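Structure first, commentary second.
All figures in this text were calculated on a predicted structure; none of them were measured in a lab.
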Amino acid sequence: MPASPTARPEPAAIVVGAGLSGLVAAAELVDAGKRVLIVDQEPEASLGGQAHWSFGGLFLIDSPEQRRMGVRDSLDLARQDWDGTAGFDRDEDEWGRKWADAYLDFAAGEKRAWLHQKGVRFFPIVGWAERGGYNAIGHGNSVPRFHITWGTGPGVLAPFIARVKAGEAAGLVEFKHRHRVDELIVEGGAVVGVRGAILAPDAAGRGESSNRDVVGEFDLRAPAVIVASGGIGGNHDLVRQAWPERLGTPPEHMLSGVPAHVDGRMLGISEQAGARLVNGDRMWHYTEGITNWDPIWPMHGIRILPGPSSLWFDASGKRMPVPLFPGFDTLGTLEHIQTTGHEHTWFVLTQKIIEKEFALSGSEQNPDLTGKDFKLLAERLGSGATGPVEAFKEHGADFVVADTLDELLEGMRALSPEVELDTANVEREIVARDREVDNEFSKDLQLTAVRGARKYRGDKLIRVATPHRILDPKAGPLIAVKLHILTRKSLGGIQTNLDAQALDAEGTPVPGLYAVGEAAGFGGGGVHGYRALEGTFLGGCLFTGRTAGRAVARG
């Protein structure tokens with residue numbers, strides 16, 4: 001039967017998920033003049049997904065921003081860091097390695113120019129996150145590579161949302177919000193569409209939990225389906241189910257660094273359609289999580305992006321071992337914490353440290369960078385902590401502020417009465433560390449690391465406090481912060497080839513099925529291996545989304 005005159009032609013692709021990777025794929029299809037249908041279970045308010053909430057950090061190699069800060073970087077050095085961090089050692093890593101090589105070339109090549117052409121700009125001081133602290137071929141970034149987007153996560157999203165919205169106005173894009181995919185339609189061995197439930201309208205704001213009330217069904221067809229649904233970080237049951245033995249016992253209590261809709265549903269659905277899931281036991285969770293005093297989603301936690309000066313103690317009051325200093329090895333720290341028998345740890349610091357070294361992850365926690373507000377930015381670069389940091393210090397449930405060490409220790413005990421805190425050892429460690437400050441040389445490797453960090457101009461300017469005695473009254477008050485494990489990213493997922501095509505158990509592309517972003521382990525089912533270099537999550541969404549969109553457009 002011929003189509004009615006008003007019927008729309010079949011789209012070239014259906015994108016499942018309206019986050020960054022899905023929007024990038026859709027934008028590429030729009031650029032190629034192709035029709036695309038975007039389905040997402042959340043209301044329109046959550047367009048952009050997790051990326052909206054991010055700090056907007058992007059991994060670049062040998063950028064103009066690095067060179068202006070006196071940083072000498074190279075593709076060879078970055079590859080050395082990536083390989084030492086990833087630790088690829090499985091047959092399943094074949095495609096992850098290939099994606100890593102391709103992504104490194106992208107980050108050292110056209111990535112910045114491609115984004116710059118779209119209007120993306122960067123804060124001039126490059127951050128140095130996930131430093132490692134081991135030998136030259138071990139984990140971590142050898143040089144600063146964390147480029148903060150001017151506009152943070154929304155700034156990364158903006159050009160792609162604008163392009164897709166322009167495509168919608170031109171009749172090339174159709175959004176289907178509140179459409180939950182429950183099945184990939186497979187006919188003749190090929191994925192030819194999606195089927196699922198239409199959910200009731202919901203006025204939930206961005207990131208808030210929405211209802212799951214079913215009011216209808218849908219069946220949508222296209223020759224290509226791009227899965228861009230994210231990972232499992234909002235589903236703590238799936239996180240615990242996938243938790244690897246090497247990281248110890250799964251935590252009973254975790255905070256969520258992502259909204260509840262990051263539920264991992266599409267991974268199992270894709271597997272049922274023939275896709276191969278790999279490296280599900282590889283994951284990235286933070287150890288510096290604090291309870292959000294003004295939450296948006298359930299169990300909402302915020303990550304502290306710390307400078308290196310805070311003293312870090314386990315729940316019982318033992319100082320964390322070398323090189324598990326703030327900002328050095330996230331998963332190494334997580335592994336150690338899970339051997340202690342307790343799930344929380346403590347930062348002990350001063351007002352002087354918090355003013356210089358505490359940044360909070362999230363676009364909403366950085367109104368100066370997110371809102372491109374130069375007046376607020378001047379306050380960040382001046383004296384005092386940022387407004388959001390001071391708000392957490394005042395209202396946050398995990399903060400203890402005191403004028404004396406005895407008062408601080410008493411506050412810590414009151415905050416966690418279920419764990420016996422060895423206050424005598426905490427005091428002994430602080431006093432001993434303070435004696436080391438009198439000389440510019442020291443056997444305390446954390447102090448050595450702090451002094452080394454300050455040799456980088458960017459850290460000296462805005463990220464690392466001048467070494468001082470923790471118990472110096474002029475640096476006070478004293479502050480203790482109770483830290484929790486914070487779920488964030490899946491490092492495994494749907495295995496894909498370099499065209500972002502989903503592969504089956506034999507390594508053959510599943511016709512019509514593509515996967516991007518976190519759902520694809522940011523490429524190949526595990527581009528990061530066991531650990532990640534900071535700034536590569538958003539970049540992985542950009543790169544895989546671009547790859548899939550162009551591959552589908554080529555046909």
Just checking [X]: does its [atom1] atom have more than 12 heavy atoms from other residues, nucleotides or ligands closer to it than 6.0 angstrom?
X: Lys352; atom1: NZ; value: yes
X: Lys118; atom1: NZ; value: yes
X: Glu245; atom1: CD; value: no
X: Glu420; atom1: CD; value: no

When you look at Leu77 and Gln80, which way does the side chain to side chain contact (heavy atoms under 4.5 Å, CB included) test go after all the steps? CA-CA 5 Å; Leu77 182 60; Gln80 172 182 298; 3.9 Å; yes
Of all the heavy-atom pairs spanning [X] and [Y], show the shortest one and how long it is.
X: Ser363; Y: Gly153; answer: CB-N, 4.5 Å
X: Ser46; Y: Gly205; answer: OG-O, 4.2 Å
X: Ala78; Y: Asp73; answer: N-OD1, 4.4 Å
X: Asp89; Y: Tyr530; answer: OD1-OH, 2.9 Å
X: Pro308; Y: Val464; answer: CD-CG2, 3.6 Å

I would like to know whether Phe313 and Asp422 meet side chain to side chain contact (heavy atoms under 4.5 Å, CB included); could you show each step before the answer? CA-CA 10 Å; Phe313 295 91; Asp422 188 344; over 6 Å; no
Ignoring hydrogens and angles, tell me if any N or O in the side chain of [X] forms a donor-acceptor pair with the backbone of [Y] under 3.5 Å.
X: Glu65; Y: Phe123; result: no
X: Thr370; Y: Pro367; result: no
X: Thr149; Y: Gly56; result: yes
X: Gln351; Y: Pro477; result: no
X: Thr487; Y: Gly233; result: yes
X: Glu335; Y: Leu331; result: no
X: Asn439; Y: Phe441; result: no
X: Glu357; Y: Ala465; result: yes
X: Asp281; Y: Pro244; result: no
X: Asn366; Y: Gly362; result: yes

Any side-chain heavy atom of [X] within less than 4.5 Å of one from [Y]?
X: Arg72; Y: Val143; answer: no
X: Leu377; Y: Leu369; answer: yes
X: Gln365; Y: Phe55; answer: no
X: Ser361; Y: Tyr286; answer: no
X: Thr340; Y: Lys318; answer: no
X: Asp93; Y: Asn279; answer: yes
X: Val120; Y: Val156; answer: no
X: Phe59; Y: Phe106; answer: no

Do [X] and [Y] have side-chain N/O donor and acceptor atoms under 3.5 Å apart?
X: Thr330; Y: Trp284; result: no
X: Ser74; Y: Asp76; result: no
X: Arg433; Y: Gln446; result: no
X: Thr291; Y: Asp398; result: yes

Could you walk me through whether Glu130 and Arg531 pass the salt bridge (Lys or Arg N to Asp or Glu O under 4.0 Å) check? CA-CA 10 Å; Glu130 204 62 23; Arg531 282 176 163 91; 5.7 Å; no
Go through the steps for His147 and Ser63 under the test side chain to side chain donor-acceptor pair (under 3.5 Å), then give the verdict. CA-CA 9 Å; His147 295 67; Ser63 69; 2.6 Å; yes
How far apart are the C-alpha atoms of Trp150 and Phe122, what are their side-chain angles, what is the distance that settles it, and do they pass the ring-ring contact (aromatic ring centres under 6.0 Å, His included) test? CA-CA 5 Å; Trp150 188 229; Phe122 297 105; over 10 Å; no
Yes or no on salt bridge (Lys or Arg N to Asp or Glu O under 4.0 Å) for Glu440 and Arg451, after CA distance, side-chain angles and deciding distance? CA-CA 8 Å; Glu440 291 191 0; Arg451 290 181 172 123; over 6 Å; no
Checking salt bridge (Lys or Arg N to Asp or Glu O under 4.0 Å) for the pair Arg469/Asp438: CA distance, chi angles, key distance, verdict? CA-CA 9 Å; Arg469 290 175 179 263; Asp438 287 343; 2.9 Å; yes
Derivation and outcome, side chain to side chain contact (heavy atoms under 4.5 Å, CB included), residues Trp53 and Ile296: CA-CA 11 Å; Trp53 302 104; Ile296 296 170; 3.4 Å; yes
Under the ring-ring contact (aromatic ring centres under 6.0 Å, His included) rule, what do Phe537 and His528 come out as? Steps first, then yes or no, please. CA-CA 9 Å; Phe537 296 144; His528 299 99; 5.2 Å; yes
Derivation and outcome, side chain to side chain donor-acceptor pair (under 3.5 Å), residues Ser442 and Asp444: CA-CA 5 Å; Ser442 170; Asp444 188 304; 5.3 Å; no
For Leu483 and Trp312, run side chain to side chain contact (heavy atoms under 4.5 Å, CB included): C-alpha distance rounded to whole Å, both residues' side-chain angles, the deciding distance at 0.1 Å, then the answer. CA-CA 10 Å; Leu483 305 173; Trp312 204 342; 3.6 Å; yes
Could you give me the CA-CA distance, side-chain angles and deciding distance for Arg206 and Glu364, then say whether salt bridge (Lys or Arg N to Asp or Glu O under 4.0 Å) is met? CA-CA 12 Å; Arg206 181 182 292 279; Glu364 81 284 11; over 6 Å; no
Should Trp99 and Phe522 be marked as a ring-ring contact (aromatic ring centres under 6.0 Å, His included) after you check the CA-CA gap, both sets of side-chain angles, and the distance that decides it? CA-CA 9 Å; Trp99 273 94; Phe522 301 93; over 10 Å; no
So, taking the atom named [atom1] in [X] and the one named [atom2] in [Y], what distance separates them when rounded to the nearest 0.5 Å?
X: Ile337; Y: His344; atom1: CD1; atom2: NE2; result: 10.0 Å
X: Glu110; Y: Leu115; atom1: CD; atom2: CG; result: 10.0 Å
X: Leu478; Y: Asp403; atom1: CG; atom2: CG; result: 8.0 Å

Taking ring-ring contact (aromatic ring centres under 6.0 Å, His included) as the criterion, tell me which of His285, His342, His300, His253 meets it with His484. His253
Can we say Asp101 and Arg79 salt-bridge, meaning some charged N sits less than 4.0 Å from an Asp/Glu carboxylate O? yes
Could you check, using the six-membered ring where one of them is a Trp, whether Phe146 and Trp128 have ring centers closer than 6.0 angstrom? no
